[in-house]
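Just so it is clear: chains get the letters A, B, ... in the order the sequence lines come, proteins before strands, and each one is counted from 1. Quick caveat, the model's predicted, so the values are computed rather than measured.
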There are 2 protein chains.
Amino acid sequence: MNVEKIIKTETEIPLIPRTLIHLTLVNAKITEIFASALKPHDISIQQFNVLRILRGQKGKPSNLSTLNERMVTKMSNTTRLVDKLLSKGYVDRIVCPSNRRKVEINITKDGLKALKFMDAEMEKANDFIVQDLTEQDLKQLNNLLNKF
Amino acid sequence: MNVEKIIKTETEIPLIPRTLIHLTLVNAKITEIFASALKPHDISIQQFNVLRILRGQKGKPSNLSTLNERMVTKMSNTTRLVDKLLSKGYVDRIVCPSNRRKVEINITKDGLKALKFMDAEMEKANDFIVQDLTEQDLKQLNNLLNKF
DNA sequence: GTTATACATTTGTATATACAATTGTTGTAG
DNA sequence: CTACAACAATTGTATATACAAATGTATAAC
C-alpha cells in the first residue's frame with residue numbers, strides 16, 4: 001500500500017506532519033476498501049451513510065438538516081445525495097405538512113432490504129481492514145483519536 | 001466538532017466500525033483545517049502536495065508516473081492538477097527529450113516562493129491540530145497506524 | 001518495414017464536494 | 001397587512017476524483 005511507499009521510506013519527515021500524512025493515507029486505504037465493497041451495490045459511501053442514518057431513525061422521518069448534522073458532508077450535497085437514493089427507490093421524500101420549508105425523508109422497504117445486503121459486505125470489509133489490530137489496539141486508537 | 005456529535009454520543013456502535021468512523025471524522029477535520037490554511041493562497045491540498053513533492057526532487061525533474069507514485073490520488077487527476085499549477089506559473093512542463101511519451105515537470109522559482117509562504121501556515125495548522133497530543137501520543141498513533 | 005504490443009499521458013464521463021447565491025416559506029415588527 | 005428578517009432546502013459554479021477509453025510514442029516480432 002501507499003502508506004509504506006510514501007511514509008516508511010521517508011523517516012526524515014518530522015513526527016507531526018508524518019503522523020498526519022500517515023493518518024490521511026490510512027483513511028484513503030479504508031475509503032478505497034469501503035468503496036469497492038459497496039461498488040457491486042452501485043452505491044457510494046456517502047449514500048450508504050445516509051441510508052444507515054435513516055434506518056437508525058426507526059421510522060421517525062428525517063429532514064435534511066437533521067440528516068446533515070449526522071453527516072460529515074455539507075448541506076448542499078445532502079440534497080443531491082438524497083436525489084440519487086430517490087432515483088434508486090431506496091428513500092422517499094415528502095414536503096413536511098406542518099412546515100412546508102422542510103422535507104421528510106424516509107428509507108423504503110427496498111432501501112432496508114438493500115442495506116441489509118450491504119451491511120454484510122461492509123462488516124467483512126471492516127474485519128479485513130483491522131485484521132492486524134487487536135482489541136487493545138483499537139481501544140488505544142480510539143483514545144488517541146479523541147484527542148483531536 | 002463532528003467527532004463528538006456523532007461518535008461520542010453513540011457508544012452502542014461496536015468497537016471496529018466506531019474506530020473506523022472515528023478515524024474518518026478526524027481525517028475530515030484535518031482536511032478541513034488544511035484546506036482553510038491553504039485557501040488564502042488559492043491552492044488545494046493536492047496541488048500543495050504536488051508542489052512539495054517537486055521541491056523534494058531538488059531540481060531532478062519528475063514525470064507524471066513518478067509524481068503519481070508519491071501521491072494518494074490517481075493518474076488521471078495528476079495531469080489536471082499539474083494543469084492548474086501550470087496556469088498559476090508554479091511549475092513548468094516539457095516533453096521529455098529522450099522519451100517523448102513522458103513529460104518532465106519542474107517547480108518554478110515562483111512555485112518555490114509561494115510554497116515557502118504556505119509552509120509557514122501549514123506548520124501552524126499542524127501544531128493547532130495536534131495541540132492536545134504529546135510526543136508520546138504521536139509515536140503511539142504512528143505505531144497503530146502502521147498496523148493498517 | 002509493417003503489425004502488434006506496451007508504455008506514458010491525456011481526455012471523456014459521471015459523481016462528489018465546497019462555497020455562494022437563490023428560491024420558497026414562515027415568523028415578526030411596525 | 002406589508003415589509004423584512006430568518007429558516008430550510010435547492011441550484012449554480014468550480015474543483016476534485018474514479019474509471020474507462022483514447023491518443024501518441026516506443027519497442028518488439030516477424
Side-chain angles (χ1 to χ4, degrees), chain A residues 2 24-25 27-50 61-88 91-105, chain B residues 2 24-25 27-51 61-88 91 93-105:
Chain A
N2 279 335
T24 298
L25 292 171
N27 184 69
K29 180 180 180 177
I30 293 171
T31 301
E32 194 188 323
I33 292 172
F34 280 168
S36 55
L38 292 175
K39 202 177 178 194
H41 302 280
D42 210 14
I43 205 164
S44 73
I45 296 174
Q46 295 306 338
Q47 288 173 35
F48 174 73
N49 284 337
V50 171
S62 310
N63 57 38
L64 273 192
S65 298
T66 53
L67 254 189
N68 202 49
E69 276 168 23
R70 301 280 310 276
M71 298 196 351
V72 187
T73 52
K74 292 281 157 59
M75 183 62 120
S76 47
N77 304 325
T78 313
T79 298
R80 287 179 269 229
L81 282 173
V82 170
D83 285 343
K84 302 279 163 59
L85 293 172
L86 203 64
S87 74
K88 292 181 172 117
V91 304
D92 48 45
R93 168 169 57 186
I94 59 168
V95 174
C96 178
S98 63
N99 185 342
R100 284 167 48 217
R101 285 174 296 189
K102 297 188 184 182
V103 294
E104 285 179 349
I105 298 152
Chain B
N2 279 335
T24 298
L25 292 171
N27 184 70
K29 181 180 180 177
I30 294 171
T31 301
E32 193 188 323
I33 293 172
F34 280 168
S36 57
L38 291 176
K39 202 177 178 194
H41 302 281
D42 209 14
I43 204 163
S44 73
I45 296 174
Q46 295 306 336
Q47 287 173 36
F48 173 73
N49 284 336
V50 170
L51 284 183
S62 309
N63 57 36
L64 275 191
S65 298
T66 52
L67 255 188
N68 203 49
E69 275 166 24
R70 301 280 311 275
M71 298 195 350
V72 186
T73 52
K74 293 280 157 61
M75 182 63 120
S76 46
N77 305 324
T78 314
T79 298
R80 288 180 268 229
L81 282 172
V82 170
D83 286 342
K84 302 278 162 58
L85 293 172
L86 202 64
S87 75
K88 292 179 172 120
V91 303
R93 170 170 56 187
I94 58 166
V95 174
C96 179
S98 63
N99 185 344
R100 285 169 49 217
R101 285 175 296 189
K102 297 188 185 182
V103 294
E104 285 179 349
I105 299 153

Nearest-Å distance for atom pair [atom1]/[atom2], residues [X] and [N]:
X         : N       : atom1 : atom2 : answer
Asn77(A)  : dA20(C) : CG    : P     : 14 Å
Asp83(B)  : dT9(C)  : CG    : C1'   : 11 Å
Asn99(B)  : dT9(C)  : CG    : P     : 9 Å
Ile105(B) : dA8(C)  : CD1   : P     : 14 Å
Met75(B)  : dG12(C) : CE    : P     : 17 Å

Side chain to side chain, Met71(B) and Asn49(B), heavy atoms closer than 4.5 Å |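 Met71(B) does not reach Asn49(B) side chain to side chain.
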
Hey, are the side chains of Asn77(B) and Gln46(B) touching, using non-hydrogen atoms and a 4.5 Å cut-off?
->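 SC-SC contact between Asn77(B) and Gln46(B) ruled out.
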
Given the rule in the side-chain contact (heavy atoms from CB on, under 4.5 Å) test, do Leu67(B) and Val82(B) qualify, once you have shown the distances and angles that lead to the verdict?
-> CA-CA 10 Å; Leu67(B) 255 188; Val82(B) 170; 4.1 Å; yes

Distance from [X] atom [atom1] to [Y] atom [atom2], nearest 0.5 Å?
X         : Y        : atom1 : atom2 : result
Ile105(B) : Leu86(B) : CD1   : CG    : 9.0 Å
Arg70(B)  : Ser62(B) : CZ    : OG    : 8.5 Å
Glu32(A)  : Ile45(A) : CD    : CD1   : 10.0 Å

Describe the nucleic acid contact of [X] in one word from base, sugar-phosphate, nothing, applying a heavy-atom distance below 4.0 Å.
X        : answer
Gln47(A) : sugar-phosphate
Ser76(A) : base
Thr79(B) : base

Comparing Lys39(A) with Lys84(B), nearest DNA chain D nucleotide closer to 5' gives the residue Lys84(B)

Span of DNA chain D engaged by chain A, first through last nucleotide within the 4.0 Å heavy-atom cut-off, is dA6(D) to dC19(D)

Relative to the 5' end of DNA chain C, which residue comes earlier, Asn63(B) or Ile43(A), by the nucleotide with the nearest heavy atom?
->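 In this pair, the answer is Asn63(B).
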
On DNA chain C, check which nucleotide each of Lys102(B) and Lys74(A) is closest to and give me the residue with the more 5' one.
-> Lys102(B)

State, without any angle test, whether Asn63(A) and Thr66(A) hold a side-chain donor-acceptor pair at a distance under 3.5 Å.
-> yes

Test item: side-chain donor near acceptor, Asn27(A) and Thr24(A), under 3.5 Å =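 Checked: Asn27(A)/Thr24(A) side chains show no N/O donor-acceptor pair below 3.5 Å.
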
Does Arg101(B) have a side-chain nitrogen or oxygen under 4.0 Å from the phosphate oxygens OP1 or OP2 of dC7(C)?
->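 The answer is no; no side-chain N or O of Arg101(B) sits under 4.0 Å from OP1 or OP2.
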
side-chain contact (heavy atoms from CB on, under 4.5 Å) partners of Arg101(B), counting only residues at least two apart |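 Arg101(B): side-chain contact (heavy atoms from CB on, under 4.5 Å) contacts with Asn99(B).
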
Would you kindly check whether a donor in the side chain of Arg100(A) faces an acceptor in the base of dG27(C), or vice versa, at under 3.5 angstrom?
->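 Donor-acceptor pair under 3.5 Å: no.
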
How large an angle, rounded to 10°, do the end axes of the helix from dG1(C)-dC30(D) to dG30(C)-dC1(D) enclose when each is built from five base pairs?
->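 Its terminal axes enclose an angle near 10°.
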
